[in-house]
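For reference, the structure is listed below as structure tokens.
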Amino acid sequence: MLGHGTPMTRLSQLRDLGLFDASVPRYTSYPTAPHFTDAVDMAHTERWLAAVPCTATVSIYVHIPFCERLCWFCACRTQGVRRAAPVASYIETLKVEIAQVATAMAQRPKVVRLHWGGGTPTILTPAQITDLLATLHAAFDFMPGHEFSVEIDPTLVDADKIKALRAGGMNRASIGIQDFDPRIQAAIGRPQSYERTHAVVEMLRAAGVQSLNTDIVYGLPHQTLSRIARSTQQVVSLNPDRVALFGYAHVPWVAKRQQMIDPESLPPPEARLALVEQTEGQFEAAGYVPLGIDHFARPDDGLTRAAAAGRLRRNFQGYTDDGAAALVGLGASAISRFPQGYAQNAPATAAYAGRIQAGQLATVRGYVLRLEDRIRATVIERLLCDMMVDLAALRGEFGGLADVLRPGLKEVARVFDGWVDVTPDRLTLRPEGKPLARLVAASFDGFLKPGGARHSQAI
Ligand SMILES: C[S@@+](CC[C@H](N)C(=O)[O-])C[C@H]1O[C@@H](n2cnc3c(N)ncnc32)[C@H](O)[C@@H]1O
Ligand code: SF4
């Protein structure tokens, strides 16, 4: 068993484990999207939609793939638009897709959550917001008190848009911050003042939005311990209910706009670890509870309560307490999750619109889950949510089939000795091993192979 007492020993041990060289998925799904194939098509989605019983609850995700500004650091699937026409035409296509999906779901299940993400959903005009919400509400049965959350760019929202969203039931908002430091903002192509962000937070609270999330990012160009400390202090002063602290994923081979970022200006992996651990400490000192690998929430927040009860889930948006049986993704590139598997819409807006306008569902790829995938998915999700896997419960659920985990468990016990505890009934990642969580999870990934798809840094 290893001891990792002094900071230097810990750092060199983490280095020996490959933490600073490895690239692994973020596991917002298992299998991850690069393993989706065209073996899943619209016929699958049609069947899977039809099979959702009326007693089931579903969540809906709507993707708005447009931004007025295109931040250089951003790896989200979105495109810059300067004219209103492409957005207006996209909304019309979405409305057709909503009708198609609702028809396919003949049993009208109960919608418990609606999330608008992107891109920048607040690029929509108040009239477009109202129109899209009316179409959704005409097509689906929303449960009273359902959750409606919206990703908000503070530089592209105003009182009228917030009013339209509130009238449609928005009760949660997620605000992109990244970092408040002007030098960092200049290097990532995203100017955004603290004052503007503060004003939007005030507007949202005054409008009655009960729950606010903020996104911040470590590992950005020119980010230092003192710069991120100041930004974190400013984030805390906004008093968000939840915070997502993402590691900057520098993947210019996927997100071409990141070529605008000078790789020399990026903190090296060891510095990234120091940035994230200092920031985690700051949030905890401010009274936030750490959740999963990269989230924080107030002690009385629903996400904190879900985590305490073992109900935290990981999905495409990060962490959630959403227990719905199915997630229906609408819009270009949106991914749906059904008990049977995943289905992804055509990623390019034109291809997506072409399919929908031709009267077809827009699914172009996906994945049919096998039993083995479900077992691996459960282990990876529980690890990244709870830092612990109840192996006895897994055997109870999957019986002897859980034996597929044996090689992974053996490898984890050997490679991560001193950082994990493995007993026949439980796999636990020790608190000091938190930075290793994605690496440990990757040991249970049946698809990862040397020379396979490139991912973002493990830390
Ligand atoms: C769709 S965007 C945010 C919504 C809105 N458009 C905005 O900019 O405020 C969702 C979040 O993904 C995160 N993100 C985007 N690109 C990233 C990257 N390369 N690495 C890490 N996080 C990233 C950012 O924190 C961002 O706020
Ligand atoms: S961070 Fe937000 S506004 Fe910037 S490009 Fe990404 S989605 Fe668009």
Side-chain angles (χ1 to χ4, degrees), residues 23-26 28 61-82 87 115-124 149-157 161-162 165 172-180 184-194 196-197 200-201 204 212-221 223 228 231-232 235 238 240 242-261 263 266-267 272 275-276 279 293-296 315-319 331-334 349 438 454-459:
S23 86
V24 279
R26 293 184 60 239
T28 51
Y61 172 75
V62 179
H63 191 68
I64 308 289
F66 302 105
C67 296
E68 234 175 56
R69 57 173 174 177
L70 269 189
C71 316
W72 305 336
F73 82 101
C74 180
C76 299
R77 193 167 271 285
T78 187
Q79 64 197 74
V81 281
R82 297 216 167 271
V87 182
H115 182 84
W116 287 9
T120 303
T122 48
I123 200 168
L124 270 57
S149 49
V150 182
E151 290 174 17
I152 289 182
D153 175 352
T155 67
L156 192 57
V157 72
K161 292 182 183 190
I162 292 175
L165 287 166
R172 290 182 186 275
S174 180
I175 298 180
I177 292 177
Q178 328 315 342
D179 195 300
F180 281 121
I184 296 173
Q185 291 189 353
I188 62 170
R190 185 186 164 97
Q192 178 177 324
S193 71
Y194 173 79
R196 173 71 197 157
T197 311
V200 169
V201 166
L204 287 164
L212 284 183
N213 173 81
T214 54
D215 291 340
I216 62 165
V217 175
Y218 71 87
L220 290 172
Q223 210 172 33
I228 201 170
S231 285
T232 303
V235 171
L238 298 172
R242 299 176 183 178
V243 179
L245 168 61
F246 296 126
Y248 170 54
H250 191 62
V251 286
W253 59 93
V254 182
K256 298 273 182 283
R257 52 186 167 260
Q258 291 184 347
Q259 288 168 3
M260 299 290 287
I261 292 181
L266 294 172
R272 285 170 66 100
L275 288 166
V276 65
T279 310
I293 54 170
D294 55 14
H295 274 50
F296 299 84
N315 72 3
F316 302 108
Q317 276 77 57
Y319 287 99
S333 81
T349 311
R438 282 166 60 206
R454 285 167 84 186
H455 300 280
S456 57
Q457 283 174 263
I459 184 68

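Start at 1 with the first residue, then count along the sequence. Every number for a ligand or one of its atoms is a count from 1 in the order of the listing. Hydrogens, waters and symmetry mates play no part in the numbers below; they use all other heavy atoms, side chains included.
- Of the polar atoms of Ala249, at least one N or O is found under 3.5 Å from an N or O of ligand 1, judged by distance alone.
- With respect to atom 1 (C) of ligand 1, the closest heavy atom belonging to the protein is Gly118 O, 2.9 Å.
- Numbered from 1 in the order shown, with element, the atoms of ligand 2 that lie under 4.0 Å from a heavy atom of Gly119 read 7 (S).
- The single protein non-hydrogen atom nearest to atom 10 (C) of ligand 1 is Asp215 OD2, 3.8 Å, given as residue, atom name and distance.
- Annotation for Thr155 and Gln192: closest pair CG2-CG, 4.1 Å, computed over non-hydrogen atoms.
- For a distance threshold of 2.8 Å, the protein N, O or S atoms nearer than that to atom 4 (Fe) of ligand 2, listed by chain and number, are Cys71 SG.
- Counting heavy atoms from C-beta on, the side chains of Pro267 and Leu275 come closer than 4.5 Å.
- Residue Ala75 has at least one N or O atom closer than 3.5 Å to an N or O atom of ligand 1.
- In this structure, atom 9 (O) of ligand 1 lies nearest to the protein heavy atom Arg190 NH2, 3.2 Å.
- For the residue pair Thr349 and Ala332, the shortest heavy atom distance occurs at CA-CB, 4.1 Å.
- No donor-acceptor distance shorter than 3.5 angstrom exists from the side chain of Gln178 to the backbone of Leu220, with no hydrogens or angles considered.
- Using modelled atom types, one finds no donor on one side chain facing an acceptor on the other under 3.5 Å when comparing Thr120 with Glu68.
- Close approach of ligand 1 to Gly119 is summarised as follows: ligand atoms under 4.0 Å from at least one heavy atom of the residue are 1 (C), 4 (C), 5 (C), 6 (N).
- Judged purely by atom type and a 3.5 angstrom limit, Arg438 uses its side chain to pair as donor or acceptor with the backbone of Pro25.
- Using a 4.5 Å heavy-atom threshold, the side chains of Tyr319 and Asp294 count as touching.
- The nearest non-hydrogen atom to atom 24 (C) of ligand 1, considering only His250, Gln178, Glu68, Gln317, comes from Gln178.
- Taking distance alone, with nitrogen or oxygen atoms compared against 3.5 Å, Glu151 stays at or beyond that limit from ligand 1.
- Here is the list of ligand 1 atoms found below 4.0 Å of a heavy atom in Ile152: 9 (O).
- Each of the following atoms of ligand 1 lies closer than 4.0 Å to a heavy atom of Gly176: 9 (O), 27 (O).
- Near Val217, meaning under 4.0 Å from any of its heavy atoms, are these atoms of ligand 1: 25 (O).
- Residue Tyr248 has at least one heavy-atom neighbour below 4.0 Å for each of these atoms of ligand 1: 18 (C), 19 (N), 20 (N), 21 (C).
- Residue, atom and distance of the protein heavy atom nearest to atom 17 (C) of ligand 1 are Phe73 CE1, 3.7 Å.
- The heavy-atom pair separating Ala75 from Arg257 by the smallest distance is C-NH2, 4.4 Å.
- If you look at Gln258 next to ligand 1, the close heavy atoms, those under 4.0 Å, all belong to the side chain.
- With a 4.5 Å cut-off on side-chain heavy atoms, Phe296 and Arg242 do not count as touching.
- Closest to atom 12 (O) of ligand 1 among all protein heavy atoms lies Cys76 SG, 3.9 Å.
- Ring-plane geometry between Tyr61 and His115 is classed as parallel, the angle between the planes falling under 30 degrees on a 0 to 90 degree scale with a further cut at 60.
- Near Thr120, with a cut-off below 4.0 Å to any heavy atom, the atoms of ligand 1 are 6 (N).
- The nearest heavy-atom contact from the protein to atom 22 (N) of ligand 1 is Phe246 CB, 3.8 Å.
- Within the 4.5 Å cutoff, the side chain of Pro240 has heavy atoms near those of the Val235 side chain.
- Between Ile177 and Leu238, some side-chain heavy-atom pair lies under the 4.5 Å cut-off.
- Proximity of Ile188 to Cys71: side-chain heavy atoms (C-beta onward) are nowhere separated by under 4.5 Å.
- No donor-acceptor distance shorter than 3.5 angstrom exists from the side chain of Glu151 to the backbone of Trp116, with no hydrogens or angles considered.
- Distance alone, capped at 3.5 Å, is enough to place a donor-acceptor pair between the Gln258 side chain and the Phe73 backbone.
- Ligand 1 does not have Cys67 within reach: every non-hydrogen atom of the residue lies 4.0 Å or more from it.
- Scanning the protein heavy atoms around atom 21 (C) of ligand 1, the nearest turns out to be Gly247 O, 3.3 Å.
- The shortest side-chain heavy-atom distance between Gln259 and Trp253 does not fall under the 4.5 Å cut-off.
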